[in-house]
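Structure record follows, encoded as structure tokens.
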Amino acid sequence: MVRSEIEVLPGQRTPILAYAVESGGKKFLNPALLARRGDEMRVKLINHIDQPTVIHWHGLGVDSRNDGNGLDVVAPGQSMDYAFALQDRSSMYWYHPHAHGYIPQQAYHGLASLLFVEDDDEAALRKELALALGESEIPLVLQDKEFDAQGRLQYAPSAAQSFGGWVGSRLMVNLTERPHLKAGRRIVRFRILNGSNARSYRLAFLQDGKALGFYLAGTDGGLLAQPLRIDQTFLSPGQRLDVLVDFREANPTRPVTLASLPFDPMHQEGGHDMAAMDHSQHGAAQGAASPVAMAMEGDALALMRIDLEPSSTPYDRRLPARLSSLTAPAEPAGAARRMQLGHDGKGHWTINGGVFDHAAVPLTVQRGTRETWLIENAERSMPHPMHLHGFSFRVLERLGSPALVRTLAGARGLLPQDQGVVDTLQVWPGESVRIAIDFSHAHQGDQDYVFHCHTLEHAEAGMMMRYAVKA
Ligand code: C2O
Ligand code: CU
Ligand code: CU
């Protein structure tokens, strides 16, 4: 982990924090890592900056020594060795810092990248659709930043922003503002990570102001059983999407815009000085493709422009009906464990009334058991993308969803993303969401993990809880 400099805005040098990696005699900053399921992963983290840090492998079911949950950190000048087997479903995972007290700043200043795990389902899909990573399969990391006149990243949250979350006005896709992509008239796959500290997106592909339908192929934890046709989806911090867009459906003479549609971000904490976050006028900018730049979550924003070009070779592939052997989740027996999300009225976010305490373990679960959790968000609150370390999970039911979410939902109030394996769950104000977690894993001995909100400022402001898995 180093301090470095790159060109983010044209002609300006931006100081960043980065993972500097050497491989095959070449140097990389924040490389995307590629692995096969079953591979043995060995990483040495050397901390060359002046702050404590640690790498967390977001979404992987590794043991707590390798999880990098922040209970142990790497001091400046020190190092740490990771060694674990990749047992997870094929998907796009990611890695980022996790030293409590430093997470939002370090992530915002550049520390984050991707980890692809591949298996046979993945290979079959790529073969069937003739996909090549980096050509017809494009990873997109969505982030929002704020820069000063010299091109330096600004991270200076006020008290209100430290509580509510830091939202930047410049939308970045792979650290590039409104990039252009040339795409063939074929099926293109996008692997999308919301790597923002606090901003959620309502994603759609627009052509001439109309939504182009696309297919949801996978979520945080890999491929769905079959592709789902949708025309928009939310993506909250920490979550990933695997989508397939068939550009043969589009008008080849007009550009396509990947946009974030306007929405009510539902910042309704009450009892706080939220003047800086008054979103009562949001949504005024309909016409979703207009490149407006305001530091407001929920505004219409253009993220990327896609120009269609004739394919050099004819493309006649069809979406496969089956993507993976994922089955519908079974409901665990027994009463649900309740997780109540709230705040203490004094600037801290809470889980079951408690704020994060490094030394306290409010919850112990038994390895090998299956539990239902009922995650309840307060009516007057903010959305919380709740993330579980150590295990991915399934979504069983959403109750009490706000109207905006309900219109996108199907049976049991579930959103398309809820059909997949996930590790991060957006819980909207007023919602109660039931999830099923299988606490089985191959690790020996007791394990220590955390459950937290992936709005990084919320986690910093207390919305994180330790939990133990008893062997
Ligand atoms: Cu992506 Cu605990 O985090
Ligand atoms: Cu994680
Ligand atoms: Cu939150």
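Keep in mind that the numbers below use all heavy atoms, side chains included, and drop hydrogens, waters and symmetry copies. In listed order, ligands and their atoms are each counted from 1.
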Identify, by name, the N, O or S atom of His454 lying closest to atom 1 (Cu) of ligand 1. NE2

Any N/O/S atom from His389 (main chain or side chain) under 2.8 Å of atom 2 (Cu) of ligand 1? yes

Hey, what's the angle at the Cu ion (ligand 3) spanning ND1 (His458) and SG (Cys453), nearest 10 degrees? 130°

Scan His96, His452, His458 and name whichever one has a ring pair (Phe, Tyr, Trp, His ring centres under 6.0 Å) with His387. His452

When you look at CG of Asp72, are more than 12 heavy atoms from neighbouring residues, nucleotides or ligands closer to it than 6.0 Å? no

Of all N/O/S atoms in His58, which lies nearest to atom 1 (Cu) of ligand 1? ND1

Please check this pair: side chain of Asp39 against backbone of Leu86, looking for a donor-acceptor N/O pair closer than 3.5 Å. no

Mind checking whether Leu341 and Met463 have side chains closer than 4.5 Å, heavy atoms only? yes

Does the pair Phe116 and Trp94 meet the rule for a ring-ring contact (aromatic ring centres under 6.0 Å, His included), with working shown? CA-CA 8 Å; Phe116 291 87; Trp94 65 302; over 10 Å; no

Are any N, O or S atoms from His384 nearer to the Cu ion (ligand 3) than 2.8 Å? yes

4.5 Å side-chain heavy-atom contact, Lys470 and Val365: no

Nearest to atom 2 (Cu) of ligand 1 - the N/O/S atom of His452, by atom name: NE2

Does His96 bring an N, O or S atom to under 2.8 Å of atom 1 (Cu) of ligand 1? yes

